[in-house]
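Report on the following structure.
Below, read A as the first sequence line, B as the second, and so on, with proteins coming before strands; counting in each chain starts at 1.
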2 protein chains.
Amino acid sequence: MRQPVTIKDVAQAAGCGVASVSRVLNGTGPSSAELRKRVRDAVDELGFEFSEIGRSLQSSTTRTIGCVVPSLANPVFADAVQGAQETFQAAGYQTLLVCTNYDTESEVQVIRTLLAKQVDGFVLTVSDAASSDGLKSVQVREIPHCLLFNAAPENERSWSVDDRAAALTVAQAFKDEGHKQVGFLALKFKSSDRARLRYQGFVEGCAQYGIKEPALLEIDDDSENLTTLLQAFLERNPTLTGIFVSNDFLALATIRSARVLGLNVPADLSIVGFDGIEVGTMVEPSLATIVTDPKMLGSGAAETVLSIINGNRPPKQPEPDLSFSFRAGGSLAPPAAERTDGEKGATFSPSNNPPKKNAKIQLERSK
Amino acid sequence: MRQPVTIKDVAQAAGCGVASVSRVLNGTGPSSAELRKRVRDAVDELGFEFSEIGRSLQSSTTRTIGCVVPSLANPVFADAVQGAQETFQAAGYQTLLVCTNYDTESEVQVIRTLLAKQVDGFVLTVSDAASSDGLKSVQVREIPHCLLFNAAPENERSWSVDDRAAALTVAQAFKDEGHKQVGFLALKFKSSDRARLRYQGFVEGCAQYGIKEPALLEIDDDSENLTTLLQAFLERNPTLTGIFVSNDFLALATIRSARVLGLNVPADLSIVGFDGIEVGTMVEPSLATIVTDPKMLGSGAAETVLSIINGNRPPKQPEPDLSFSFRAGGSLAPPAAERTDGEKGATFSPSNNPPKKNAKIQLERSK
DNA sequence: CCCCCCTATGGAAACGTTTCCATACTGATA
DNA sequence: TATCAGTATGGAAACGTTTCCATAGGGGGG
């Protein structure tokens, strides 16, 4: 590695002072055409590029933003990060990304590290916004920041889905299909204020719609033995007809496990997810879920941070109750006992995009 | 934002010189117990933390790595980035992440920016390693780096799947099922050396196994109208019985489009994907695909960069032909005309995890 | 003709660290 | 007692920029 070509080398090669080089290259301050040429020639010859770190030291600004999320394995966060990163980049900022793996310990530590790196701002999804030490460090230093996916505590901004309201909607959907007893399944329940809010809203909604208080299944390890856990859960709650799963990915895994257990989704067990990832529309039956727009949220949080940095008014975010929508899908249907069409047990009945057996193209291809 | 507490403030508060503060805090050089206490007290009182940028200027090291990938929307890259990031973080390095959105223009530009930020190393997935200007900039500056997913040109290291060999395997799988004419579907074909290698290997494999040269369907826009394009493609190639799709996500979308067109997968059209994303095992029929381990690749590339930085021997990567495996799935089966079991047209026949209708749990729940 | 203002330029300070070097003190050895 | 080794400490340079300030020359207005 070699990169010892500094502004001084350019100045020497061009036969002028460093101040002149800086002025010419940055277009700040006057300079003669002749000097400009000499400087540019020297730059080309030496392949000079400014070092941002000298510049940062002087301007005490790094044009770098810290971005902290639990994981990229969940496409919700991947999309959000991408949205934030694009927005920042368009404004000339780079993004320093860290995943905490839902670990509170490392959450506070990485935030400290980013702080030491003198980032100009933060976009963060913390495990619990109300108690995060990492968030506190950011607050006391008064670094521009915005939460993402977290419920905003007092005096904080956050771009997020209204988890409680969304969960209410799910409860209503279960009610509309005639379910009387349902469950709630979440990963990392303890370390996520989002999962807690969803559960809370769901409990509330069930009460409101006359559904029995939902049974809670909380799993820690990464769905290694989801099938076993699900089986035990269903044996403990034999009259359950539906489960609200706190994210789509886990919901799909749950459907798979249900199948392994010989259950028909949705006839024996309805599943509703959360997030609205695209593959949910590609599977059979399609996944009923809460649709969100993570990329927009990430981008919005980024805009908010930029506005704080620039002293502008922060952008308006969508109304909380418009931050999500319910998407019907084949994985949610009336429980088998409730069915009126006698279809009980009809496994894999197509529930979206039903094949048109006689479609034009098939005829054409039949030879 | 306020953070004007520097080592000088600490020195003043502790009544000593800055050199002593540095020595005490970094544990370098001798110091008296009494001084140590005074310094630590001052630090606590002022809430001092080192600024990495002063340190970087002095040490000409940033403990920051540039990480460039096309997109995070594809879980393959998200996983790889996560793997790389974790490895770097464990070694005390932060990751500066940029997505190029498959745009060559911005690829070179962001690399320049990262270079100016004085990153200590790079992990990159470029659109075409053989011709990337961005990669060249990194090379001439002799910054430690490692490619990821790209085929390695001369004198370059890369952690990647052997795309060509994997595509050969796919061709063989099609042959084994009795397919005689197949197609290849890819997104961003032009701007990805990976897709090109897969195509090339597939063509080669088809020739080798006596399959007609595969028809190529290349789509640019994000599968907006995939169904229409697929329909036109199938009309142009009416005897096609299978398609190799260059990534799993697109493969799932293709299956959906095929269904919309009234086709039965796999009876009318077999699909094989590439990547091995987990949801491929959750859908019905399950997706036949090439399984890779992106997180491992990302982590490996990171290890390689670290070893270059530290002057160690780079880690050994898995043998090219062990970098992937074929996963059978319900989306690949003999073409309908070839079938011997008379099952033609049996839509949605379960192909994995077949429901055990009389499983214990179902009996228990039947009341 | 003097003064002032404008353009062009360079020197030097400042940003926050680390580290080299010098100084001062303490015992211990010769 | 003089010398030496070792510990404890502070001053100052260096890292690569930007920017303030000073200098210098030239032209125009009084």
Side-chain angles (χ1 to χ4, degrees), chain A residues 1-40 42-43 46-64 92 113 115-120 141, chain B residues 1-40 42-43 46-64 92 113 115-120 141:
Chain A
M1 183 165 58
R2 48 166 194 143
Q3 218 277 17
V5 39
T6 79
I7 197 175
K8 282 182 194 160
D9 302 316
V10 176
Q12 186 166 26
C16 66
V18 291
S20 298
V21 177
S22 176
R23 269 192 303 262
V24 169
L25 262 26
N26 293 308
T28 151
S31 57
S32 66
E34 194 263 340
L35 207 221
R36 278 196 290 274
K37 171 157 173 36
R38 267 169 29 221
V39 168
R40 296 209 191 282
V43 166
L46 276 58
F48 169 77
E49 268 184 78
F50 278 119
S51 159
E52 279 299 325
I53 91 161
R55 195 174 267 177
S56 292
L57 184 56
Q58 142 74 27
S59 64
S60 65
T61 219
T62 55
R63 298 201 83 79
T64 300
T113 308
L115 242 15
K117 279 226 154 77
Q118 311 282 102
V119 295
D120 291 344
R141 280 184 186 66
Chain B
M1 187 166 54
R2 54 175 183 133
Q3 217 276 18
V5 39
T6 79
I7 197 175
K8 281 183 194 158
D9 301 317
V10 176
Q12 187 165 26
C16 66
V18 292
S20 298
V21 177
S22 176
R23 268 192 304 263
V24 169
L25 262 27
N26 293 308
T28 150
S31 56
S32 66
E34 193 265 340
L35 209 221
R36 277 197 291 274
K37 170 153 175 37
R38 263 164 40 216
V39 168
R40 296 210 191 280
V43 166
L46 276 58
F48 169 78
E49 268 184 77
F50 279 119
S51 159
E52 278 299 324
I53 91 161
R55 195 173 268 178
S56 292
L57 183 57
Q58 142 74 26
S59 64
S60 64
T61 219
T62 55
R63 299 200 82 80
T64 300
T113 307
L115 243 15
K117 280 226 154 79
Q118 311 282 101
V119 295
D120 292 344
R141 280 183 186 67

In whole angstrom, give the distance that lies between atom [atom1] of [X] and atom [atom2] of [N].
{"X": "A/Gln58", "N": "D/dC15", "atom1": "CD", "atom2": "C1'", "value": "14 Å"}
{"X": "B/Phe50", "N": "C/dC15", "atom1": "CZ", "atom2": "P", "value": "17 Å"}
{"X": "B/Gln12", "N": "D/dG11", "atom1": "CD", "atom2": "P", "value": "12 Å"}
{"X": "B/Glu52", "N": "C/dT17", "atom1": "CD", "atom2": "C1'", "value": "10 Å"}
{"X": "B/Arg63", "N": "C/dT17", "atom1": "CZ", "atom2": "C1'", "value": "16 Å"}
{"X": "B/Lys8", "N": "D/dG10", "atom1": "NZ", "atom2": "C1'", "value": "14 Å"}
{"X": "A/Ile53", "N": "C/dG16", "atom1": "CD1", "atom2": "P", "value": "14 Å"}
{"X": "B/Arg23", "N": "D/dT7", "atom1": "CZ", "atom2": "C1'", "value": "11 Å"}

Ignoring backbone atoms, test whether [X] places a side-chain nitrogen or oxygen under 4.0 Å from the OP1 or OP2 oxygen of [N].
{"X": "A/Ser59", "N": "D/dT18", "value": "no"}
{"X": "A/Arg55", "N": "D/dG16", "value": "no"}
{"X": "A/Ser32", "N": "C/dT9", "value": "yes"}
{"X": "A/Ser20", "N": "C/dG10", "value": "yes"}
{"X": "A/Ser22", "N": "D/dT18", "value": "yes"}

Taking only the side-chain heavy atoms of [X] (C-beta and beyond), determine which of [options] contains the nearest atom.
{"X": "A/Leu35", "options": "D/dA8, C/dT17, C/dT9", "value": "C/dT9"}
{"X": "B/Ala19", "options": "D/dG10, D/dT18, D/dT9", "value": "D/dG10"}
{"X": "A/Cys16", "options": "D/dT9, C/dT19, C/dG10", "value": "C/dG10"}
{"X": "A/Ile7", "options": "C/dT9, C/dT18, D/dT18", "value": "D/dT18"}
{"X": "B/Ser51", "options": "D/dG16, C/dT18, C/dG16", "value": "C/dG16"}

Main chain of [Y], side chain of [X]: is a donor-acceptor contact present, judged purely on distance under 3.5 Å?
{"X": "B/Ser31", "Y": "B/Arg36", "value": "no"}
{"X": "B/Thr28", "Y": "B/Asn26", "value": "no"}
{"X": "B/Lys117", "Y": "A/Arg63", "value": "yes"}

- Query: What does B/Gly17 touch in the nucleic acid at a heavy-atom separation under 4.0 angstrom: a base, only the sugar-phosphate, or nothing?
  - Reply: sugar-phosphate

- Query: So which one's nearest nucleotide on DNA chain D is more toward 5', B/Arg36 or B/Leu57?
  - Reply: B/Arg36

- Query: If every non-hydrogen atom of A/Val10 is compared with every non-hydrogen atom of A/Leu46, which pair is closest and at what distance?
  - Reply: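 So the minimum-distance heavy-atom pair works out to N-CD2, 4.1 Å.
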
- Message: Pair A/Cys16, A/Val39 - check side-chain contact (heavy atoms from CB on, under 4.5 Å), show working.
- Response: CA-CA 8 Å; A/Cys16 66; A/Val39 168; 4.2 Å; yes

